Amino acid sequence: MSTQKISLTRYLVEQQRNDGSIPSQLRLLLEVVARACKGISQSVNKGALGGVLGSAESENVQGEVQKKLDIIANEVLIEANEWGGHLAAMASEEMDSIHLVPNRYPQGEYLLLFDPLDGSSNIDVNVSIGTIFSVLRKPEDNGQGVQESDFLQAGSQQVAAGYCIYGPQTTLVLTVGNGVAMFTLDREQGSFVLTQERIQIPADTKEFAINMSNQRHWAEPVQRYIGECLAGKEGPRGKDFNMRWIASMVADVHRILMRGGVFMYPWDKREPEKAGKLRLMYEANPMSWIVEQAGGAATNGHQRILDLKPAKLHERVAVFLGSKNEVERVTSYHDAA
Ligand SMILES: O=P(O)(O)OC[C@H]1O[C@](O)(COP(=O)(O)O)[C@@H](O)[C@@H]1O
Ligand SMILES: [Mg+2]
Ligand SMILES: [Mg+2]
């Protein structure tokens with residue numbers, strides 16, 4: 001397929017025709033999500049002129065202070081998806097519990113989860129941020145309607161996953177389980193245009209992403225892995241490493257998708273009862289599937305992230321993802337500990 005001016009809509013229709021990997025309800029749902037991301041992108045672009053910067057002075061269920069854009073992006077996604085007829089319910093980082101599609105709208109067979117605005121600390125400083133989403137199939141109805149427990153499916157059950165990054169370009173990255181495709185927003189045309197297909201992450205890398213300020217709190221396997229990277233040419237790895245940390249998972253993962261690298265947000269001693277900082281269902285799962293579909297790997301240090309069975313909606317998880325050989329190495333250090 002030529003990458004010349006193929007819109008997201010046409011790409012999805014062709015996928016549906018060619019290999020049947022996208023049922024029409026799912027295709028329409030993905031188009032609605034893309035449209036919502038376009039709307040969020042417009043708000044992000046307006047910045048101070050649109051009055052969208054700064055704090056909303058409220059807290060989400062995770063105890064984090066919400067930014068105005070966290071709330072705006074959440075509302076845009078809910079409003080766009082509510083009446084589309086493809087969904088039964090939604091869940092979001094910014095909502096305590098699930099949001100059912102109201103009875104007055106047609107009910108669909110999918111569940112949508114999202115981190116409406118990822119990288120919130122970067123909103124006010126004009127650094128790349130994004131939206132992350134994951135689509136699951138609604139389990140068989142047991143007569144009780146959709147429950148939160150219906151969402152608690154392993155990441156391997158996802159039927160679509162993606163993110164939209166609001167950076168120098170607005171870019172949508174998507175998988176439905178047959179590779180990873182990337183679409184760039186053409187602002188003149190107002191549509192996402194296919195700009196890369198079958199993205200592959202190199203298996204080896206010389207670049208790692210971790211918040212180094214937490215070093216003193218890490219467990220031994222992470223200390224060992226990063227210590228060896230920092231030792232460079234003279235150390236056991238025999239090569240120098242570079243470091244990047246944008247503090248927007250979306251932007252760090254996007255860089256890894258484009259040129260390789262390893263991203264880590266490990267468990268640490270600051271809050272030992274938490275498995276990690278990032279959320280399993282709407283951050284780690286969609287990103288892990290995208291990374292795996294691009295030939296990379298994603299674990300929590302011990303297990304494949306996509307095999308984890310969530311116990312709750314806002315569950316947290318340690319994350320190691322990106323170039324396969326590096327993820328396997330840092331995972332093996334945990335196994336050896
Ligand atoms: O500020 P820290 O501890 O480095 O954490 C950065 C991480 O937190 C996040 O911003 C969490 O996402 P939210 O902004 O959606 O809460 C990730 O995108 C990023 O990788
Ligand atoms: Mg996030
Ligand atoms: Mg967020």
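Just so it is clear, the model here is predicted, and its values are computed rather than measured. No hydrogens, no waters, no symmetry mates; every other heavy atom, side chains included, goes into these values. Every number for a ligand or one of its atoms is a count from 1 in the order of the listing.
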message: How far is atom 8 (O) of ligand 1 from the closest protein heavy atom, and which atom is that?
response: K277 NZ, 3.2 Å

- request: Tell me yes or no: between the side chains of S191 and S7, is some donor less than 3.5 Å from an acceptor?
  value: no

query: What are the atoms of ligand 1, with element, lying closer than 4.0 Å to any heavy atom of N211?
result: 2 (P), 3 (O), 4 (O)

- request: Verify whether one side chain among E228 and Y333 offers a donor that lies under 3.5 Å from an acceptor in the other.
  value: yes

query: Is the closest side-chain donor-acceptor distance between S120 and D70 under 3.5 Å?
result: yes

- prompt: Does some non-hydrogen atom of G119 fall short of 4.0 Å from ligand 1?
  reply: yes

- prompt: Between N242 and E207, does any side-chain donor sit less than 3.5 Å from a side-chain acceptor?
  reply: yes

- request: Looking at D115, pick out the N, O or S atom nearest to the Mg ion (ligand 3) and give its name.
  value: OD1

task: Indicate if the distance from the Mg ion (ligand 3) to the nearest N, O or S atom of E283 falls below 2.8 Å.
output: no

- prompt: Can L117 be said to touch ligand 1, with heavy atoms closer than 4.0 Å?
  reply: yes

message: As an exercise, identify every atom of ligand 1 less than 4.0 angstrom from a heavy atom of S248.
response: 18 (O)

query: In D118, which N, O or S atom comes closest to the Mg ion (ligand 2)?
result: OD1

- request: Examine the proximity of ligand 1 to R279 and report which part, side chain or backbone, both or neither, has a heavy atom under 4.0 Å away.
  value: side chain

message: Under 2.8 Å from the Mg ion (ligand 3) - does any N, O or S atom of L117 fall there?
response: yes

- prompt: From the Mg ion (ligand 2) out to just under 2.8 Å, does an N/O/S atom of E93 turn up?
  reply: no

statement: Note: ligand 1 atoms sitting under 4.0 Å from heavy atoms of S120 are 14 (O)

message: For atom 3 (O) of ligand 1, what is the closest protein heavy atom, and at what distance to 0.1 Å?
response: Y265 OH, 2.6 Å

task: Give the atoms of ligand 1, by number and element, whose distance to some non-hydrogen atom of D115 is under 4.0 Å.
output: 15 (O)

query: Which ligand 1 atoms does M249 reach within 4.0 Å, using its non-hydrogen atoms?
result: 17 (C), 18 (O), 19 (C), 20 (O)

message: Tell me whether the rings of H302 and H334 are parallel (<30°), tilted (30 to 60°) or perpendicular (>60°).
response: perpendicular

field: Minimum-distance protein heavy atom relative to atom 9 (C) of ligand 1
entry: D118 OD1, 4.1 Å

